[in-house]
Amino acid sequence: MSKYRVSADIGGTFTDLVVDPADGPTFVGKVATTPDDPARGVIEGVRQIIPDASDISFFVHGTTVGLNAFLERRGERVLLLMTTGSGDSYSIARGNRRTLYDLQYAKPKQLVSRGDVHEIGGRLSWDGEEIEPLSRDDLTRVVEKVRAEDIQSIAVCFLHAYAHPRHELEADQFLREALPDVSITLSHTVAREWREYERASTAVMNAYVAPVVQRYLSSLEREFEGLGMDATVHIMQSSGGVATAEAARDNPVFTLLSGPVGGTVGGVSLASATGRDNLLCVDMGGTSFDLSLVIDGGATATTETELEGLPLLLSILDIQTIGTGGGSIAWMEGEGLRVGPHSAGSVPGPACYGRGGTEPTVTDANVYLGRLGTASLLGGDMTLDLDAASQAIESLAKRAGMEPTALAEGILAISNAAMADAMRTITVSQGLDPRDFSLVAFGGAGPMAAVSLAEELEIGEVIVPNFPGTFSAWGMLQTDLRSDQTCAYYQAVASVDLDDLARRYEELEELGAAALRNQGVEDADLFYERSADMRYIGQEYSIKVSFPSDSTLDDIVAAFHESHDRRYGHSSPKAPVEFVNLRLAAFGALDRSSAERPAAADGSKSARLGEREAIYDGERLSTPIFDRTRLNQDDVLSGPVIVEEKSATTVVPPGWQARVDEVGNILISPEAAK
């Protein structure tokens, strides 16, 4: 019996599924997202494409349940326990203002009010010596409040716990015995790093979304059980690795950005397959536009981020998101045309979906201009309503006093400008030249806008991978189980003992290995990556430096100077350097295909489906339409041309040409470059 490796990615409009069979080509599926219950869309998608769920050998899922719970403020009420004397630190937060001259600046609203921050007696010194025992009386009062007010989640953040968690562990034991059904988060388990406020903020975020994510994952597992699937459910993590649902339940904060990172992981695999080390990955879906970079064949990552002004300490692929997608609504503000960030989503969706939407969107503009055909979506399984799209566009054009075609092209131009600005933010503003990158376009709407974005940034090559509309879901099948470990290590390099450094890393390896063994990983499948947070002595903030396990101290310091120069444009090789944190990523290797394996083209059928009129820069041109599944290696198509497939539509405008490479990717470049 054939076995399937399956991934699912829930988007704002569609839920994407990718199936990698053991004995055949990869295939994909799309179903409408069910916002009221995201798990229902996943289950329905699996039902449609897998006849017998017991044939699934591996399942991985990217979810935004935790992120949405935060963004919509639907998380649980949290009690925050802090060491006596430090209870105000979470409420005070930081005094810096990112927008110094914003007269209407408002401090980010914390997830826990000051009244729900409780100070607990007991104190450890910086080196772990107990100054005052943990107060059981204070913990008892917390238990009484939790019971009286039916509170479901507690976060614990004690001073120095990142290095010495003894009191947090004692509090955890006491609370779990008294409150077995309450979710408890310990700061040292989610962010074993210094800076009390940032550590408390991370612990609170985990506690805030934990009950919501736990209920969702339990529901999803029950649904799969009902389908007869006995494979373990895995969840994509923000770090780019995966974890079992059981592990994700303990620390759901690690899954907050689990959907978008699949595309970045897919970009790393694409870089390896194509030999292109520098990629600018853009994912344009129905509601958002996600951007990330692959540099020297690896994904860029960070160890801290912010969500709506609240800091989080966690390992995360560096992804930026703006609210522009195919479902972004065009509207008038005074006499100006605006696009987004409001989205039509999947319900009712763009006007052309025929589900009751009346406001024009980016997708409606593409339909009106002929770039998206009425039978282009989902391989013709979903018919688009040209009349509804036209009515929405023409109605707004009348209000704006514009010709409808100009308005439709204006909608795309505004959307593209917003996306191009975001692309400059992660390249030009960081000292990177976008012309040194190939643009990888995916998501359901990405390949339609790709060439326009490349023109904006003078990028000479666009890559549209196989199954672009489900590329993020495909990327989830290209990763491994992962557990991140951190320990504080405040040492000037000049005083570091290399044997002591090696011993610390060995301890982190044991912690990482234990976490992965609990998820079923065999020792033979374990491997590790070492890194450290380092800085010049006297600096406040550090940068993450990766290095091989056999590196000498001189090698590590050289890697730091190189990283500093690459990030900031300068370095000081003679200045003293120090360590701040040691980091280790432990991996458990998973079986996976080496590359996408679409079905071979059917040479007996013509790839050309016909033609239709499409508008480019105000000019109406007859445009050939091709079926991507029938294109052969080295086929060359000169624009204007449109390539359709089940998951997306690729637009090649005049002046550009498309070529199919040896593994099926579409490579688009200016015709002058041939």
Side-chain angles (χ1 to χ4, degrees), residues 9-16 30-36 38 41 62 64 67-68 71-72 259-260 263 282-291 321-333 337-369 371-374 376-378 381-393 395-396 407-419 422 441-450 452-453 468-473 647-649 651:
D9 176 28
I10 299 177
T13 305
F14 289 104
T15 293
D16 304 329
K30 269 182 179 282
V31 295
T33 293
T34 49
D36 58 314
T64 55
L67 180 62
N68 291 340
L71 294 175
E72 298 168 15
V282 297
D283 178 2
M284 184 179 182
T287 58
S288 65
F289 181 70
D290 303 316
L291 310 93
T321 301
I322 62 171
T324 295
S328 294
I329 295 171
W331 52 288
M332 298 298 297
E333 183 179 46
L337 178 64
R338 301 285 184 265
V339 179
H342 308 297
S343 173
S346 59
V347 180
C352 61
Y353 282 13
R355 296 173 179 165
T358 58
E359 297 178 287
T361 66
V362 171
T363 298
D364 293 310
N366 277 305
V367 172
Y368 189 81
L369 296 171
R371 302 181 188 184
L372 188 63
T374 56
S376 298
L377 217 57
L378 302 184
D381 292 343
M382 181 176 179
T383 301
L384 300 181
D385 189 336
L386 175 59
D387 290 339
S390 299
Q391 185 175 346
I393 293 290
S395 175
L396 184 63
L407 179 107
E409 289 201 289
I411 290 173
L412 298 187
I414 292 170
S415 172
N416 292 341
M419 292 187 286
F442 51 97
M448 281 192 290
S452 296
L453 298 178
T470 57
F471 188 71
S472 288
S647 69
T649 295
V651 175

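If you're wondering where the values come from, they're calculated on a predicted model, not measured in any experiment.
One side chain, Asp364 or Thr361, offers a donor N or O that lies under 3.5 Å from an acceptor on the other.
A pairwise comparison of heavy atoms in Ile414 and Leu337 identifies CD1-O, 3.5 Å as the closest pair. The shortest heavy-atom contact between Ala344 and Pro350 is CB-N, 3.7 Å. Nearest heavy-atom pair across Pro447 and Ala441 is CG-O, 4.0 Å. Between Ala392 and Ala351 the shortest heavy-atom distance is CB-CB, 3.9 Å. Nearest heavy-atom pair across Lys30 and Ser647 is CE-O, 3.7 Å. In plain terms, the two heavy atoms of Pro348 and Gly356 that are nearest each other are CB-C, 4.0 Å.
In this structure, CZ on Phe442 lies 8.0 Å from CG on Asp290, to the nearest 0.5 angstrom. Going from atom OG1 of Thr321 over to atom CG of Leu291 covers 7.5 Å, rounded to the nearest 0.5 Å.
The main-chain N or O of Pro360 is never found under 3.5 Å from a side-chain atom of Trp331 such that the two would form a donor-acceptor pair. Ser328 places no side-chain N or O within 3.5 Å of a backbone atom of Gly340 that could act as its donor or acceptor partner. When atom types are taken as modelled, the side chain of Thr34 and the backbone of Gly41 share a donor-acceptor pair closer than 3.5 angstrom.
Between Thr324 and Val339 there is no side-chain heavy-atom pair separated by less than 4.5 Å. A 4.5 Å side-chain heavy-atom check between Met448 and Leu372 finds at least one atom pair inside the cut-off. For the pair Asp283/Ser472, a side-chain contact is recorded, criterion being any heavy-atom separation below 4.5 Å from C-beta on. In this structure the side chain of Cys352 reaches within 4.5 angstrom of the side chain of Thr363, judged on heavy atoms. Within the 4.5 Å cutoff, the side chain of Leu453 has no heavy atoms near those of the Met284 side chain. The shortest side-chain heavy-atom distance between Ile393 and Ile411 falls under the 4.5 Å cut-off. Taking the side chain as every heavy atom from C-beta outward, Tyr353 and Asp385 never approach each other to under 4.5 Å.
Sequence neighbours left out, the pairs with a member in residues 408-418 that pass salt bridge (charged side-chain N to carboxylate O under 4.0 Å, His left out) are Arg371-Glu409.
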